[in-house]
Amino acid sequence: MLVVDINSRGARLRFGAPVAAGPEVQLLFIPEHVTASAWVVWQNGSEIGVEFTRPLPWLRNLDMSNPVSRHPREKPAGR
């Protein structure tokens with residue numbers, strides 16, 4: 001898995017092949033050894049966009065004005 005974009009609220013993830021993700025996923029960040037739960041908010045072939053169930057404060061310095069967890073063609077999640 002490759003993290004394409006990430007901030008404290010969500011991430012866009014790319015896999016080597018199309019994936020069948022469920023509505024919720026668990027991520028493990030290495031070398032931080034931190035796990036995070038996230039909702040899948042969009043999926044397109046080998047990429048998924050996730051919204052963390054709780055913001056990850058240790059990623060706050062990566063926050064940008066535009067959320068990266070949303071696919072450009074998708075509407076914002078109602079969470």
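Since we're looking at a predicted model, the values are computed, not measured. What you see below is based on every heavy atom in this structure, not just the backbone, and it leaves out hydrogens, waters and symmetry mates. Start at 1 with the first residue, then count along the sequence.
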Open item on the list: Is it true that Thr35 and Gln26 share a donor-acceptor pair across their side chains at a distance under 3.5 Å?
Closed with: no
TODO: Determine the minimum heavy-atom distance between Val50 and Val41, stating which atoms define it.
DONE: N-CG2, 4.2 Å
TODO: State which residues pass side-chain hydrogen bond (donor to acceptor under 3.5 Å, both in side chains) with Ser46; sequence neighbours excluded, sorted by chain then number.
DONE: none
- [ ] Not counting sequence neighbours, which residues clear ring pair (Phe, Tyr, Trp, His ring centres under 6.0 Å) with Phe15? List them please.
- [x] none
- [ ] Taking all heavy atoms of Pro57 and all of Pro55, pick out the closest pair and write down the distance.
- [x] CD-O, 3.1 Å
- [ ] List the atom of Glu24, the atom of Ser37, and the distance in Å for their closest heavy-atom pair.
- [x] OE2-CB, 3.6 Å
Task: Trp42 side chain near Ile48 side chain, heavy-atom distance below 4.5 Å - done: no
TODO: Would you mind checking if Glu51 and Arg9 are paired as a salt bridge, meaning a charged N to carboxylate O distance below 4.0 Å?
DONE: no
Open item on the list: Do Glu47 and Val19 make a side-chain contact, defined as non-hydrogen atoms from C-beta onward lying under 4.5 Å apart?
Closed with: no
- [ ] Would you mind reporting whether Ile6 and Phe52 have side-chain heavy atoms less than 4.5 Å apart?
- [x] yes
TODO: State yes or no: do Phe29 and Val40 share one hydrophobic cluster built from I, L, V, M, F, W and Y residues joined by side-chain heavy-atom distances below 4.5 Å, directly or via other members?
DONE: yes
Task: Any residue meeting side-chain contact (heavy atoms from CB on, under 4.5 Å) with Ile30, in chain and number order, not counting sequence neighbours - done: Leu28
Open item on the list: Could you measure the distance from the CH2 atom of Trp39 to the OG1 atom of Thr53? Nearest 0.5 Å is fine.
Closed with: 5.5 Å
Task: Heavy-atom check, side chain of Leu13 versus side chain of Leu27, under 4.5 Å - done: yes
